[in-house]
Number of protein chains: 2
Amino acid sequence: MPVTIKDIANYAGVSVGTTSKVLNNRGNVREDLRFRVQAVIEKLNYRPSALARGMKIKRTNTIGLIIPKIMNTFYVKVIELVEKEVHDRNYTLILGNSDEDLEREVNCLRTFSDMRVDGLILASAGRTQEGRIQEEISAYRALDIPIVLIVRNLSNTDLDTIELENREGAYQATRYLIENGHRRIGMISSSIQTSAGTERIEGYMKALEEFQIPSDRELVHMGGLTLDSGYIITGKLLSLPNPPSAIFVGTNFQLLGTLRSLKERDIKIPEDISLICFDDTEWSSFADPPLTVIEPYSEDLCKLAAELLFDRIDGMYSAEGRHRVIPTRLVVRKSVNRIA
Amino acid sequence: MPVTIKDIANYAGVSVGTTSKVLNNRGNVREDLRFRVQAVIEKLNYRPSALARGMKIKRTNTIGLIIPKIMNTFYVKVIELVEKEVHDRNYTLILGNSDEDLEREVNCLRTFSDMRVDGLILASAGRTQEGRIQEEISAYRALDIPIVLIVRNLSNTDLDTIELENREGAYQATRYLIENGHRRIGMISSSIQTSAGTERIEGYMKALEEFQIPSDRELVHMGGLTLDSGYIITGKLLSLPNPPSAIFVGTNFQLLGTLRSLKERDIKIPEDISLICFDDTEWSSFADPPLTVIEPYSEDLCKLAAELLFDRIDGMYSAEGRHRVIPTRLVVRKSVNRIA
DNA sequence: TCAATTTTATGAAACGATTCATTATAAATT
DNA sequence: AATTTATAATGAATCGTTTCATAAAATTGA
């Protein structure tokens, strides 16, 4: 029997209407009454129910964020940055982690729509069974809840979408390796990630073509977004009769596997092999050696996501889906060697 | 004008009461009606409002989790593990990140109580101005929302509390160093963290005493939970006339600073200095060399937190606060050298 | 002082679900 | 066939807010 607005009203000897005005700092309430009501609120430790309130005003001041893997440092950064944006606008962030699992993602989507979040930022777990996700997206449309897709796009052209400059980033990485004399460059990419995996391979290919380096299919591999996948693929690359002098790892999760594989074989970076990775992580600068990486501008990503979303929430924009691309930059550290 | 239960009822030609029964799979509704209602639900993409529902049944099936820093890998693990526990019980996790800021923590606490979470797991940002937090905690009591305090206790003996075995863990670490021949051991600890900082120092002292090694105040430092603090303190330790042969770093955030400082001075681990750290992190096994650490059993921590919390939510327990301690274990890798 | 005007306070309706007492229908028993 | 019993469906009350039309009180102007 928690205390309600009625209790406050009774206790302070005013009507609930007046109490509500005090709560919301809406005008037209006598100073002494306002004061009295506020005192009672303090005294009884009253907290207005966001449920009742949200139901009446049809806004909950909450934003949902669904990410595919919380153990991935990239998404941790996304969480932090999005939270900041959301918080600055006086909204509360509700987080969902699908752990790369479609069922769990659908589950999050349902829960969030049930909770009537005012908007959703979604980094989807995949497109394999897009149907399920699309169904949920329809529900959001029916409820008039705007969605911004980030990082992993769903080929929904009607939704606001922000992706990373995967092709260009991979091109930068590969080009940098080539410019440092590398000709045989291993590429480890991902298959789960909606389009990012293939886009990164495309960028890699583009650089090779540009420098007229024949591409060797044995050097290009796709795998799951896991440490193991990185480990296994690296092993394959290293045991090639003519192994690569450099490896471009497409994701930070696979990178861990690559590092493990190299360490086990006592292969030194960059002396024995050069390494470059997509995604910056907190510790890539602490690794030994510090890693040269392609870093996406996560901050811009999150800021933009919030802008697009709140534009819609605030009714500033309601036309067709906007599509934005976030650039990446090459951060040169010490994991790439210049070779003959 | 999203579709409501009334719309479903009208459309299906039944009463809202019946519709509600269908929604909740409660008995006593004819097969054909149930089917008809379900069809309409599908067709109209109906999602029952958790707000209205929660308001009526006084349960929201949500659990709040507040952590002090999401960039800290330890807490990322906590998030993941707690989420799993919560999810398994058919609840939704709502995450708050106080970023070690008391105001933001208070803010999270308010928001969560407003939302009427069914329970709260709190790793508090500090005790400096405990008053503010205590006020909020009173509100939770008034609302009958159970709280479990983890990692950072607030000297609230009436709340369920789970802490890490800080003293014993630090003792293990120090003892291990001593057994490897180290006599001058630097200690970097934290001051912000409620009691953990001093407890870890106590464990360090205990080990020194046990081996009758005189403690040198110059070797023991407390600092903020930041990279910079680790960096600065390490610098101080290294420029001592008689620098330590080993350093015990109390937190993984400070560790990054220590690593940076060592790298800058080209001091090799473990050849030139031995290192051991409290907190395991995903990458400590990938560092060069892999780091010997004191690892808290985070899994047990989170499982237990969920158990204590749901015990109360389910009304299985309602007596005085329970206090549990989670053990730590020494994970030997390669950052400690045996010296003469 | 009184009417006109402005300011402030009130209470009922609404939001969208659940619940429960009641009524309607179907099944079972004699 | 009539009565009892079991099963289904209904609709009004309720949860805790906000809002708004209305009423009461205070203020103003003559």
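Numbered from 1 within each chain, the chains take letters A, B, ... in sequence-line order. Quantities reported herein were computed from a predicted structural model and do not represent experimental measurements.
- Of the two residues near DNA chain D, T19(A) and G13(B), the one whose nearest nucleotide lies more 5' is G13(B).
- Taking atom CD1 on I57(A) and atom P on dG16(D), their separation rounds to 18 Å, with Å as the unit.
- Side-chain polar atoms of H87(A) and N107(B) form a donor-acceptor pair below 3.5 angstrom.
- Remark: R30(B) is in phosphate contact with dA9(D), judged by side-chain N or O atoms under 4.0 Å from OP1 or OP2.
- Using modelled atom types and a 3.5 Å distance limit, the side chains of E105(A) and S124(A) yield a donor-acceptor pair.
- Spacing between atom CG of N28(A) and atom C1' of dA26(D) amounts to 13 Å, rounded to whole angstrom units.
- Listed nucleotides dA14(C), dA17(C), dG16(D) differ in distance to S49(A); the shortest reach to its side chain belongs to dG16(D).
- The CG-C1' distance, from N61(B) to dA17(C), rounds to 15 Å in whole Å.
- Within the 4.0 angstrom heavy-atom criterion, only backbone atoms of the sugar-phosphate kind lie near R26(B); the bases stay farther away.
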query = R89(B) and E85(B): salt bridge (Lys or Arg N to Asp or Glu O under 4.0 Å), yes or no, with the steps?
reply = CA-CA 7 Å; R89(B) 290 169 169 89; E85(B) 296 295 324; 3.1 Å; yes
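- One atom, NZ of K21(A), and another, C1' of dT19(D), lie 10 Å apart when rounded to the nearest Å.
- One atom, CE of M55(B), and another, P of dT14(D), lie 13 Å apart when rounded to the nearest Å.
- Side-chain contact annotation: R53(B) with N61(B), donor-acceptor N/O pair under 3.5 Å absent.
- Counting to the nearest Å, the C1' atom of dC15(D) and the CD1 atom of I5(A) are 13 Å from each other.
- Nucleic acid contact class of T18(B) (heavy atoms, under 4.0 Å, all strands): base.
- In this structure, R59(B) places its CZ atom 22 Å from P of dT14(D), rounding to the nearest Å.
- Side chain K56(A) to base dT17(D): no donor-acceptor pair is found below 3.5 Å.
- The separation between I8(A) atom CD1 and dT17(D) atom P is 9 Å, rounded to whole Å.
- DNA chain D is contacted by both V3(A) and V16(B); V16(B) maps to the nucleotide lying nearer its 5′ end (nearest heavy atom per residue).
- The environment of OH in Y317(A) is crowded: more than 12 heavy-atom neighbours from other residues, nucleotides or ligands sit within 6.0 Å.
- Side-chain nitrogen and oxygen atoms of R53(B) include at least one within less than 4.0 Å of the OP1 or OP2 phosphate oxygen of dT18(C).
- Considering only side-chain N and O atoms, S15(A) lies under 4.0 angstrom from the phosphate OP1 or OP2 of dT10(C).
- Across all strands shown, S20(B) has heavy atoms under 4.0 Å from base atoms, whether or not it also approaches the sugar-phosphate.
- Taking side-chain N and O atoms only, N24(A) has a distance below 4.0 Å to OP1 or OP2 of dT18(D).
- Residue L33(B) is classed as a sugar-phosphate contact, given heavy-atom separations below 4.0 Å to backbone atoms only.
- Checked against the 6.0 Å centroid threshold, Y91(B) and F310(B) count as a close aromatic pair.
- Between K58(B) and dG16(D) there is a side-chain polar atom (N or O) within less than 4.0 angstrom of OP1 or OP2.
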